[in-house]
Every structure is written in structure tokens, then in C-alpha cells.
Amino acid sequence: MNLNLNLSGFLNVFRLITKPSLCLPHATVSTFSELPSPLDKAFESRETKSHIKAVVLDKDDCFAYPDTNEVHPPYAERFQQLRKEYPGHRLLIVSNTAGATTYDRDGRLAKELEATTGVSVLSHGVKKPGCKDEIMAHFKKHPETGVTHASEIVVIGDRLMTDMMLANTMGSWGIWIKDGVKPLKEKSIFARFDQRLGPMLMARGFHAPDPKSPFE
């Protein structure tokens, strides 16, 4: 049995004690199909202007049902649209299952996911939220993306403690897929905790820090 332990997630939880805003999104939508086009529209109300050049996309309970490697059928149209908006290596799937070498040891899941989606899957040794260096190395390897700074990237995912914390610690934008694919009663205890934590922190006045541009 291949346990999907996340040491990076466990260690980063302690950072929330002093800075709870690190796990909060810059924008929230209910499901993947509700992502605005272009994605910059999600941040129009923010003080800092966004200029999104690339997307880091979670898989499980974001655009796919957990433990599957296919786009959830109701999201197929929006997924293909996203591929056109951010072609080639500008769209990158970063999952804590497919591509995470501590779980997907032989890379089989990543290869299957790339085959079914047509999107590159990051092979990473450190799980979210701690894999920012591996993500930035990907974009440095592919200069055609135009990405020169983390503030030009948006992270899209369903988990506050991994996806949104990755976005904030990396200095990127974050969009929270709040409800995702799986019904609430079927979600893990951690995902259900996110559903309570986010609104509670925002009600208390916490908000995600805006990414800083390379000129600041």
C-alpha cells in the first residue's frame, strides 16, 4: 500500500500560527467551470494589478475526480479553453499524487495524466506547498513561457493548506476551487476543515498578501 504522506504540508502548517493569511486565496470560485476568462479577471478588485502568464493547476478535486486521471466531463470545455489561453508549458499540472515522486514512484500516473489531458505534469520530490523551487525551475527551463517572476503565475486548486499556501509562499496569485468535484460529505477531513477555515479567517479580517512585482 502506497501511503500519500506529506511532510512538507505538515511542517508548513506551523507557519500559519504566526501568519494565517498564507493559506488564503486571492479569489474564490465554486467549481473549475466557473474560472473566469481571462484569469486576470479574478483579481480585478485587488489593489495590485495582475499579469498572468502561466498557470499551476492542481488535479484531484479540482478538474478531476480524486484518484482518476481524466478531466471531469462537465469541466471538459473550460479545460480545453484554458489550454488555448495558456498553451504549451504555460499550463502545468502540479499534483501531490501524479508526478509526486514519493507517491508516483515510477512516474506512471504522471504519464497517464499527460496522455489524457495533453498538459505537462511536474515531476517533483517535495510535495505542495513546498515545491516552489521545482516549479520555478520548470519555467526557467522553458523561457518561451515568458515567466520571469513568480508574480506572473497563478496557482489553481481546491486545498488551502497546499495549493493556496504554495501560491502565497511562492509570491504568486491563488484561486481557490472551493467546492470542487467531490460532494462535501465524501471529502477528506482535511478538505472539510478547509471549508470552515477559509471563511472563518476571512470573516476575522485576514486576507491573502498581494504578490509583489519584480520591480518592488
Side-chain angles (χ1 to χ4, degrees), residues 4-52 55-63 66 94-96 126-133 135-136 149-216:
N4 195 12
L5 302 177
N6 188 351
L7 180 61
S8 170
F10 175 76
L11 294 176
N12 274 281
V13 163
F14 293 101
R15 300 179 67 178
L16 297 179
I17 297 173
T18 56
K19 198 169 184 181
S21 58
L22 285 177
C23 73
L24 292 178
H26 300 92
T28 302
V29 296
S30 176
T31 65
F32 185 84
S33 60
E34 294 179 18
L35 287 169
S37 177
L39 293 175
D40 285 296
K41 283 186 176 181
F43 313 114
E44 288 179 339
S45 64
R46 306 291 299 196
E47 191 172 311
T48 302
K49 183 176 175 59
S50 66
H51 183 48
I52 304 301
V55 178
V56 167
L57 187 61
D58 178 43
K59 175 181 80 79
D60 294 312
D61 215 13
C62 178
F63 69 82
V94 181
S95 168
N96 276 352
V126 180
K127 289 184 177 179
K128 296 180 290 184
C131 57
K132 62 180 181 179
D133 291 341
I135 291 171
M136 293 309 296
H149 193 265
S151 63
E152 298 167 326
I153 300 169
V154 60
V155 179
I156 301 173
D158 70 301
R159 294 296 314 283
L160 297 179
M161 298 288 197
T162 55
D163 302 308
M164 295 306 102
M165 195 161 182
L166 168 65
N168 287 310
T169 55
M170 192 163 63
S172 301
W173 296 92
I175 300 179
W176 183 28
I177 305 290
K178 184 176 181 292
D179 299 312
V181 182
K182 215 172 185 181
L184 182 61
K185 63 181 180 181
E186 296 179 16
K187 292 183 188 293
S188 71
I189 188 173
F190 303 107
R192 292 199 300 270
F193 178 70
D194 279 357
Q195 297 279 328
R196 292 173 173 265
L197 179 64
M200 180 191 74
L201 290 176
M202 287 184 271
R204 293 186 179 185
F206 291 101
H207 55 84
D210 279 1
K212 294 183 181 299
S213 78
F215 307 107
E216 292 185 67

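Values in this document were obtained by computation on a predicted structure and should not be read as measured data.
Within the 4.5 Å cutoff, the side chain of Ile156 has heavy atoms near those of the Leu39 side chain. A heavy-atom distance below 4.5 Å is not found between the side chains of Leu57 and Val94. Residues Phe43 and Thr48 form no side-chain contact, since every pair of their non-hydrogen atoms from C-beta on lies 4.5 Å or further apart. You'll find the side chain of Val155 stays beyond 4.5 Å of the side chain of Ile175, heavy atoms only.
At distances below 3.5 Å, at least one donor-acceptor pair connects side-chain atoms of Asp61 with backbone N or O atoms of Val181. In this structure, the side chain of Arg159 does not engage the main chain of Met164 through any donor-acceptor pair within 3.5 Å.
Not counting sequence neighbours, the partners of Asp60 by the side-chain contact (heavy atoms from CB on, under 4.5 Å) test are Pro66, Ser95, Thr97. For Pro38, the side-chain contact (heavy atoms from CB on, under 4.5 Å) criterion is met by Lys41, not counting sequence neighbours. For Thr28, the side-chain contact (heavy atoms from CB on, under 4.5 Å) criterion is met by Pro25, Trp176, Lys178, not counting sequence neighbours.
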### Task
Show the numbers, then the answer: is there a side-chain contact (heavy atoms from CB on, under 4.5 Å) between Ile135 and Lys132?
CA-CA 5 Å; Ile135 291 171; Lys132 62 180 181 179; 5.5 Å; no

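Salt bridge Arg46/Asp210: present, at least one basic N to carboxylate O contact under 4.0 Å. Contact check on Lys128 versus Asp163 returns a salt bridge, with a Lys/Arg side-chain nitrogen under 4.0 Å from an Asp/Glu carboxylate oxygen.
Minimum interatomic distance between Val154 and Ile52 (heavy atoms only, all atoms of both residues): CG1-CG2, 3.7 Å. In this structure, Pro211 and Gly171 approach most closely via the heavy-atom pair CB-O, 3.2 Å. The shortest non-hydrogen separation linking Ala167 to Gly174 is CB-CA, 3.9 Å.
For the atom pair CG (Asn168) and NZ (Lys19), the distance works out to 8.0 Å, reported to the nearest 0.5 Å. Of the inter-residue distances, the one linking Lys212 atom NZ with Ser151 atom OG reads 11.0 Å to the nearest 0.5 angstrom.
In the model, Asp179 has no side-chain atom that pairs as donor or acceptor with a side-chain atom of Thr31 under 3.5 Å.
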